[in-house]
Amino acid sequence: GRVRGQDESRGDVDDAMGKYSLTLVDALDTLPLLGAVEEFSTAIKNVIADVRFDNNVVVSVFETNIRVLGGLLGAHVVAEEMKKKGRSELQWYNGELLLQATDLADRLLPAFNSTTGVPYPRVNLRHGMDYDGSTLRKVQTTCTACGGTLLLEFAALSRLTKNPVYEEKARIAMRYFWQRRESISNLVGTTIDVQSGAWLETESGIGAGIDSYYEYLLKGYIMLDDFELLDRWNKHYTSIMRYTRRGPAFVDVQMGHPQQQSQPFMDALLAFWPGLQVLAGDLGPAIDTHRMLEQVVSRYNFLPE
């Protein structure tokens, strides 16, 4: 992995690198899906032997959660299930990935020490927020997706370890965005100050900066059987379809003045949306948007991110 301050910086892309074998950890649970069980076992052994999180590196809380904590937890659950089913390749496994996941989550927790409970965007894996004269606390701006895309991993860790603190932290952060939604439109903005709670960018859409907040509401309901999350999702979804939809396309609007369009184009990151609509059971609009994206790919020969 690359180290901020020691290797030449490439900007925000380094937030996810972390000096913790990102690609290996992120892809762990893909191996058994491909039937590569022996390779899966070997990869887990490599992670146990070589991956450490006591690194003097500043990382993105969001990226580290979804890619590394999620990768460890997914691989742990699959390894335990395969062991239970008698697969010889995993009989040696004894929960080591869960211990690593707990260590990593504990290193992310200091970022949640804000007035709102929404985490700061970055944390030092070794020193927490007390790094370089606490300069990390000076960056108080985070996006809705960054602060609201934690529940699946943190709740899974709490359920697996029987330690409620992780899920509680993620729920507080996610709930804050719901409380700060625009009361009339039920829309949220793009970036927020984690200390004051003030919206800094009030553009609202389903692309970059907000996207996975909505995803985690619906998937959180499914995973945790939490009808409060479903209610939030339903209210947000109704508003999204009312204010930001333009035929099969979607644009950004002002959360406080949803009739006011703030950008006349689609964000590439919203290409996930039809899949989420299918998960929610709204197939017609999902098909329309997916068809439009397929036409874009065919015409311009590129894939949305």
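All figures in this text were calculated on a predicted structure; none of them were measured in a lab.
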Quiz item: Between R107 and D54, does at least one N-O distance fall below 4.0 Å, as a salt bridge requires?
Solution: yes

Quiz item: Out of curiosity, M266 CE to D252 CG, how far, rounded to the nearest 0.5 Å?
Solution: 10.5 Å

Exercise. Determine, for W178 and R181, whether the Lys NZ or Arg CZ falls below 6.0 Å from the six-membered ring centre while staying within 45 degrees of the axis.
Key: yes

Exercise. Report yes or no: do L279 and I210 belong to one cluster of Ile/Leu/Val/Met/Phe/Trp/Tyr joined by side chain heavy-atom distances under 4.5 Å?
Key: yes

Quiz item: How many angstroms lie between CD in Q179 and CZ in R232, if you round to the nearest 0.5 Å?
Solution: 8.0 Å

Practice problem: Drop me the distance from L72's CG to I44's CD1, to the nearest 0.5 angstrom. | Solution: 10.0 Å

Practice problem: Please test Q195 against Y120 for side chain to side chain contact (heavy atoms under 4.5 Å, CB included), starting from the C-alpha separation and ending with a verdict. | Solution: CA-CA 9 Å; Q195 285 295 96; Y120 286 88; 3.4 Å; yes

Quiz item: When you check the gap from the basic side-chain N to the acidic O, do E80 and K84 get nearer than 4.0 Å?
Solution: no

Quiz item: Between Y166 and T161, do the side chains contain an N or O donor and an N or O acceptor separated by less than 3.5 Å?
Solution: no

Exercise. Could you please spell out the steps behind the side chain to side chain contact (heavy atoms under 4.5 Å, CB included) verdict for L109 and V123?
Key: CA-CA 9 Å; L109 286 181; V123 68; over 6 Å; no

Practice problem: Let me know which of P119, P121, C146, C143 forms a side chain to side chain contact (heavy atoms under 4.5 Å, CB included) with F62. | Solution: C146

Quiz item: How far apart are the C-alpha atoms of V118 and D193, what are their side-chain angles, what is the distance that settles it, and do they pass the side chain to side chain contact (heavy atoms under 4.5 Å, CB included) test?
Solution: CA-CA 9 Å; V118 175; D193 187 309; over 6 Å; no

Practice problem: Tell me, with the steps shown, if M82 and Y93 meet side chain to side chain contact (heavy atoms under 4.5 Å, CB included). | Solution: CA-CA 10 Å; M82 298 186 91; Y93 181 69; over 6 Å; no

Self-check item: Separation of M255 CE from T144 OG1 (nearest 0.5 Å)
Solution: 8.5 Å

Quiz prompt | L270 CG to L276 CG distance, which is reported to the nearest 0.5 Å | solution = 12.0 Å

Quiz item: To the nearest 0.5 Å, how far apart are CH2 in W233 and CG in L217?
Solution: 8.0 Å

Quiz item: What residue pairs, at least two apart or across chains, pass salt bridge (charged side-chain N to carboxylate O under 4.0 Å, His left out) with a residue in residues 154-168?
Solution: R159-E167, E167-R171

Practice problem: Give a yes or no on whether the ring-centroid distance for Y216 and F177 is below 6.0 angstrom. | Solution: no

